[in-house]
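No hydrogens, no waters, no symmetry mates; every other heavy atom, side chains included, goes into these values. Note that this is a predicted model, so its numbers are computed, not measured.
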Amino acid sequence: MTDTIRFEIDGRTVEAAPGETIWTVAKREGIEIPHLCHRPEPGYRPDGNCRACMVQVEGERALAASCIRKPSEGMKVSVAGDRPSRARELVFELLVSDQPARETSHDPTSQFWHWADQVGVAQSRFPEREQWQPDTSHPAMAVNLDACIHCNLCVRACREVQVNDVIGLAHRGHDAKVVFDFDDPMGESTCVACGECVQACPTGALMESALLDEQQTRTEWPDTQVESVCPFCGVGCQVTYNVKDDRIISVDGRNGPSNEQRLCVKGRFGTDYSRHPHRLQVPMIRRADAPKRGDDKVDPANPWTHFREASWEEALEVAAGGLQRIRDRDGSGALAGFGSAKGTNEEAYLFQKTVRVAFGTNNVDHCTRLCHASSVAALMENLGSGGVSAPFNAASDAECIIVIGARPTENHPVAASYLKQAAKNGAKLIVMDPRYQVQLGRYAWRNVQFKPGQDVALLNAMLHTIFAEGLEDTQYIQAHADGVEALREKVKDFPPKEMAELVGVDAQTIKECARAYATSNASIIFWGMGVSQHVHGTDNSRSLINLALSTGQIGRKGTGLHPLRGQNNVQGASDAGMIPMVFPDYKPVTNADFKQQFEDYWGTELDGQKGLTVVEIVNAAHDGEIKGMYVMGENPAMSDPDQTHARAALAKLEHLVVQEIFLTETAFHADVVLPASAQQEKTGTYTNTNRQVQLGRPAISLPGEARQDWWITHEIARRMGHDFGFAQVREVYAEMAGIMPSLANITWDRLEREGSVTYPCPAPDHPGEPIVFSEGFPTPSGRGGMKPVDITPPAELPDQDYPLVLTTGRQLEHWHTGAMTRRARVLDHLEPEAIVSMHPREIGKRGWRAGQRVRVTTRRGSIALVLRADREVPSGMIFIPFAYAEAAANVLTNPQIDPDGKIPEFKFCAARIELDKEKQAAE
């Protein structure tokens, strides 16, 4: 007996798997059936409303929509027969009557016109319908409903795939139309500009504005298409770059394992930064007559005033020569390097190798120190691995999902779509955050707003409930985890009733959340920088690990621990060893065996002492201990806490080399600026938050004399006496794979062929293990560890002079320090100026109004911003995004660090806010 179903299509015997439709089988067999409302990509259910895919089933009176009709054994289907062919012709003739004439249509190459050609319909005998007026209110997308055929794809894209619930169908019959919210103009609606509707639309009724002229007719078509990966967050969406005349004209989502065609506003509409006029195109050296670093100011009209152009030969000689001079005179400890999580794995590996071999020091770090260092510290300590235990897609298999200290709808929108889908399908979504979450919270079973800085108290109260009510998984603990008795004893001090006031959450809610998590068949935890960016960030992460281990919610389908990575390659850069205390694959530099292993592999002597972290390097530069730095694609003048201090430290350096695509705030302090490659211009691998190693390919050429990042780093090492002998990127990858067990069975050729492989990968033909720790942990004992933690208060509390809590973070439209996104036209149009968010009730109490200029001050500095009313921000708190150089949030933030993760406390410091009378008067 077999599970397959045998039937006939146009006399040919075919087989269908259970659940397959006639359309799916026909496509697999190479039989084309027209379709408009059907989109076979993941996430789209068949709808059967356009009737373009009608077929005849023998013995049945009515025609069937092949996209929803499933075959049965022995069924005989006619696709090319007279009756279904005439029916399809009539359908297309009716639809053509409602379309603009093809020569003036919005997209004459659309899917609709393709199938109209296939069916043989160009004209219609039926009268035209009244034409809708175009809606061009959105900076990225144009709405032309005169081409709409009511296929419902945009509605499904918005409601069911991205789960944003903005698009709907209003009115009835002849007057039916697609609407945004309550029939608002698209640009005034709650649309988050993911562009899923544009990608789904088969007619051109929804299109990228950049492809249209003033008459709303398409004028741009790609010459080539290049498959690559998105340059922004850690989700690692696969993309197709549509390229014309060496520029990217549009971006489509590909069916990658982490995005399944989906993109967000940044990935779809934010790539034009690579052709911005500010791109660095020639090497530059600081002029001899330029003011002392730190005394000069950036002139926005001409930021290159203090530099002169140089040849690559001169620039590299000055760059490498200055670094070598400092090493020869002051020793290797006087040098340091900041790498980038925006670059490739190969660039990260080569950069850390250059610092360790050519500089002779472990003073190498990158932005993981500023985002998830405390998470990695806790995971390494207790589980033996810093990677996620399950991908975010595992949310679809979970019964309970906790999202704490993360705002994925803003920072990881594609990942958020999976969480929202899971909640709509019945999973209990628990959202925990000091700022109330509206977008994700709409789908939450419990939307828990707790007091900032009280993460440990909340999580320990949940653990108290679990142990007090006997909800721990004793069998799992006995087999896989240590430390339960000490943890059980510690959390006795945290009964929910006593913690309620401290945490700001009632005891019953705490208990309900604990029970839901512990008793679910599969529970998973996601967290972000709201957990990690505290002086107690490692303790926060330890508490989450305690929850998972005490209940056995790890190592199985739908379970696990997942710190959502912020930058596109922060996982890969960390794996590659761009961390001061570990070699690649997290091998401690202080371990003599590992040190010997890398010395033998690299053929050199290495430093066996831990290097300095980001904040420690900046402090050492300020104190005159670090005299020379090499910075690749990082912007500490914007990203470091207490920015005034950080910029003063950069100004004190004797020699600063910066490798960048723009003259960033850090590059402006440099002695040598080396023009580098944007993501769309390079070949290399990236590892996303799911541990998926993916290949990125170049779509456009380098501008001017800009060079590949790996080549620049290789040249600096060579000119410092260490020629690594690489001629191309794949050779760097081969060396990485030879020393990093995590890359076992993931070859360059395989990535070129398959595009993405998850590590660990047990065999050359295995797709990789998405779920890890099912048989234990990579610790010496093979067991995980639970570690009791106590409450550690924030390093700086509000007082009479600074009565508010300031927290910082990202916006949906802007990413990291804004160097890229603020040079992207659409993104900067959507969020063009620095703002500070405050609850409208708090604004009203002060007699202020949204839109006024205010000044926010902390003990470290003061900045002026525009006041924004935001109901998500609780009373007593203000929120500032950190992407705006003209009002840099990190001027204000507290540089106090977590003792274990060495991460600064970006999420909590004391502040005050007042009207900026000078700005108000000037305006």
Pairwise ring pair (Phe, Tyr, Trp, His ring centres under 6.0 Å) hits with a residue in residues 401-428, at least two apart: Phe392-Tyr418
Check: Tyr443 main-chain N/O paired with Lys420 side-chain donor or acceptor under 3.5 Å: no
Are any non-hydrogen side-chain atoms of Val265 and Cys194 less than 4.5 angstrom apart? no
Less than 4.5 Å apart, side chain to side chain, heavy atoms only: is that true for Gln261 and Val161? no
Partner of Ser124 by side chain to side chain contact (heavy atoms under 4.5 Å, CB included), out of Val96, Asp98, Leu94: Val96
Can you measure from CH2 (Trp527) to CG (Leu564) and round to the nearest 0.5 angstrom? 9.0 Å
Glu831 and Arg868: CA distance, side-chain angles, deciding distance, salt bridge (charged side-chain N to carboxylate O under 4.0 Å, His left out) verdict: CA-CA 12 Å; Glu831 282 289 355; Arg868 175 175 292 179; 3.0 Å; yes
Strictly distance-based, threshold 3.5 Å: is any side-chain N or O of Gln162 a donor or acceptor partner for the main-chain N or O of Leu263? yes
Value for CD1 (Ile167) from SG (Cys191), rounded to nearest 0.5 Å, stands at 7.0 Å
Could you list the residues that satisfy salt bridge (charged side-chain N to carboxylate O under 4.0 Å, His left out) with Arg262, not counting sequence neighbours? Glu260
Less than 4.0 angstrom from a charged side-chain N to a carboxylate O is my criterion; do Arg247 and Asp272 meet it? no
Asn393 and Asn690 side chains, donor-acceptor separation under 3.5 Å: yes
Nearest 0.5 angstrom please: Phe232 CZ to Lys266 NZ, how far? 7.5 Å
Side chains of Tyr44 and Glu160: closer than 4.5 Å at any heavy-atom pair? no
Could you please spell out the steps behind the side-chain contact (heavy atoms from CB on, under 4.5 Å) verdict for Lys342 and Gln679? CA-CA 8 Å; Lys342 296 184 282 292; Gln679 184 268 355; over 6 Å; no
Looking at residues at least two apart in the chain, or sitting in another chain, which of them share a ring-ring contact (aromatic ring centres under 6.0 Å, His included) with His816? none
Enter the distance from Gln439:CD to Asp165:CG here, rounded to the nearest 0.5 Å. 10.5 Å
When you compare the side chains of Asn49 and Asp47, does any donor N or O come within less than 3.5 Å of an acceptor on the partner? yes
Between His814 and Tyr884, is the ring centroid distance below 6.0 Å? yes
State, with a plain yes or no, whether a side-chain heavy atom of Val143 is found less than 4.5 Å away from one of Phe180. yes
I need the Thr24 OG1 to Ile22 CD1 distance, nearest 0.5 Å. 10.0 Å
Verify the distance criterion only: is there a donor paired with an acceptor across the side chains of Thr689 and His562 at less than 3.5 Å? yes
Could you tell me whether the side chain of Ile401 reaches within less than 4.5 Å of the side chain of Lys428, counting heavy atoms only? no
Glu399 versus Tyr517, side-chain donor and acceptor atoms under 3.5 Å: no
Contact between Val163 and Leu419 at the side-chain level, heavy atoms closer than 4.5 Å - yes or no? no
So, the side chain of Ser66 versus the backbone of Cys53: is there a donor-acceptor pair under 3.5 Å, distance only? yes
Whether the side chain of Arg218 engages the backbone of Asp213 through a donor-acceptor N/O pair (distance < 3.5 Å, no angle test) should be reported. no
Can you find a pair of side-chain heavy atoms, one from Cys230 and one from Val235, that are under 4.5 Å apart? no
